[in-house]
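Quick one: the structure is below, questions incoming.
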Amino acid sequence: MKEKKYIFSGIQPSGAIHLGNYFGAIKQWVELQKEYTGIFSIVDYHAITVNYNPQKLQRRILEAAADYIAAGIDPKKSMIFVQSDVPEHVELAWLFNTIIPVSELRRMTQYKEKSGQQQAASAGLLNYPILMAADILLYKAIGVPVGEDQIQHVELTRTIARNFNRKFGKVFIEPSVILSRGSRIMSLADPKKKMSKSLGEKHYIALSDSPKVMRKKFMSAVTDTGVTMHEKKKSLGVYNLFELLDLMTDPKTVAKFEKQYQSGKLSYKELKETLAEASVRMFSSFQEKRKELLSDEKKLRKILEDGASKARKIAQKTLHEAKEKMGIV
Ligand code: AMP
Ligand code: TRP
């Protein structure tokens, strides 16, 4: 049998998975499993770089595992594991710390944004992309399916791979970003910002939100804020809702609302109702599966252990190669 190539991606266990995570990342992970062996990590060492609740972390990790599987990640085809269960990630990250200038880290947009929100940004927050590079490069993954906000980090990963190979000899592969159609979903309450857990409840729709909550959030979505997208004419809010319509319904429904919009007779209420119903329908079986998975914690833990032991074999081999080239072993 021909060996499949690896793709790698991860999500922080910092809360519920939302529509942005789903359309930007997880949906394509599910599709890519057919062609590649997926390595999907729950990146707890990334999640602790900002304020978090230690009491909730283990629960969040289990929920993330249930989210991955309920969304369609098949543990038989892909590896699902918790980052801290494979300590090689941290060890390789330390090696990479020595080959990347601090100035490169300081210019990362996510660092600038997140450090601005904190009184004192930790060194961990600054070094975050180094750990991410280690995540990806340990598996010599050829592709990284992520949302648009992570492009810069994958580019830095490529730089790290290139620098290492040039300095010490070839070990790493430069991975490509794999982007999907919904790679930048905006907040419902403030469409100038990207949908994110950290903005607060009303800004995102979690795949696990009850139908009632989904409807409420869609119905109160901001549409016209007076800001108009330059060439597309629609306001940011309306543009975002059309984007979601495109992702969650069929071309006929999109065409119907497009026509309403063009003739200046768009019913926001009808558009929002259509979106709410579509998202309730789209994630109802996800929600059932998620609930079922979370009722058997032991089984979930076993899946994570299996994933980690498979991942670890690959990780150990690459780490050894890197250490050898660096004269450490
Ligand atoms: P995070 O929730 O920051 O751990 O992100 C996990 C994955 O979801 C990453 O691949 C992100 O790029 C992607 N993602 C997060 N927010 C969005 C969004 N609003 N639109 C599209 N993709 C997103
Ligand atoms: N930084 C990513 C995010 O916040 C999560 C992440 C960590 C990741 N390591 C990764 C994504 C490796 C892709 C590959 O969204």
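Since this is a predicted model, take the numbers as computed values, not measurements. Remember, it's 1-based here, ligands and their atoms both numbered in the order they're listed.
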Name the closest protein heavy atom to atom 9 (N) of ligand 2, giving the residue it belongs to and the distance to 0.1 Å. D135 OD2, 2.7 Å
Pairs under 3.5 angstrom, nitrogen or oxygen on both sides, ligand 1 versus protein: list them out, please.
from, atom 1, to, atom 2, distance (Å)
ligand 1, 2 (O), N21, ND2, 3.1
ligand 1, 2 (O), K197, NZ, 3.2
ligand 1, 4 (O), Q12, N, 3.2
ligand 1, 5 (O), N21, ND2, 3.4
ligand 1, 8 (O), N21, ND2, 3.0
ligand 1, 10 (O), G147, N, 3.2
ligand 1, 12 (O), G147, N, 2.8
ligand 1, 12 (O), D149, OD1, 2.4
ligand 1, 19 (N), I185, O, 2.7
ligand 1, 19 (N), M195, N, 3.4
ligand 1, 19 (N), M195, O, 2.9
ligand 1, 20 (N), I185, N, 2.9
ligand 1, 22 (N), G20, O, 3.0

To which protein heavy atom is atom 5 (C) of ligand 2 closest, and what is the distance rounded to 0.1 Å? G10 O, 3.5 Å
min-distance protein heavy atom vs atom 12 (C) of ligand 2 -> F8 CE2, 3.5 Å
Quick check on contacts: which atoms of ligand 2 are under 4.0 angstrom from a heavy atom of I136? 12 (C), 14 (C)
For the ring pair Y6 and Y139, is the centre-to-centre distance below 6.0 Å? no
Compute both the distance and the angle, then confirm whether K234 meets the cation-pi test with Y261: under 6.0 Å from the six-membered ring centre, within 45 degrees of the axis. yes
Which atoms from ligand 2 have a heavy atom of V144 less than 4.0 Å away? 13 (C), 14 (C)
Step-by-step salt bridge (charged side-chain N to carboxylate O under 4.0 Å, His left out) determination, D306 to K302: CA-CA 6 Å; D306 288 351; K302 174 84 173 66; 3.1 Å; yes
If you measure from CG on L92 to OG1 on T318, what distance do you get to the nearest 0.5 Å? 8.5 Å
Could you tell me whether the side chains of T253 and D250 share a donor-acceptor contact shorter than 3.5 Å? yes
Non-neighbouring partners of K5 that pass side-chain contact (heavy atoms from CB on, under 4.5 Å), sequence neighbours left out: Y36, I142
Answer yes or no: does an N/O atom from Q12 fall short of 3.5 Å to an N/O atom of ligand 2? yes
Return the option from Q150, K114, H46, M132 holding the heavy atom at the smallest distance from atom 15 (O) of ligand 2. Q150
Side chains of D135 and Q83: any donor to acceptor distance under 3.5 Å? yes
Can you sort out which atoms of ligand 2 are near V146, meaning under 4.0 Å from one of its heavy atoms? 11 (C), 13 (C)
Using ring-ring contact (aromatic ring centres under 6.0 Å, His included) as the criterion, point out the one residue from F286, Y204, F283 that pairs with Y22. F283
Quick check for you: to the nearest 0.5 Å, what is the distance between S210 atom OG and R215 atom CZ? 8.5 Å
Once the angle between the rings of H89 and F8 is folded into 0 to 90°, is it parallel (under 30°), tilted (30 to 60°) or perpendicular (over 60°)? tilted
What is the closest protein heavy atom to atom 4 (O) of ligand 2, and at what distance does it sit? Y128 OH, 2.7 Å
Could you tell me the separation between the NE2 atom of H18 and the OG atom of S208, rounded to the nearest 0.5 Å? 11.0 Å
Closer than 4.0 Å to some heavy atom of V43 - which atoms of ligand 2 meet that? 7 (C), 9 (N)
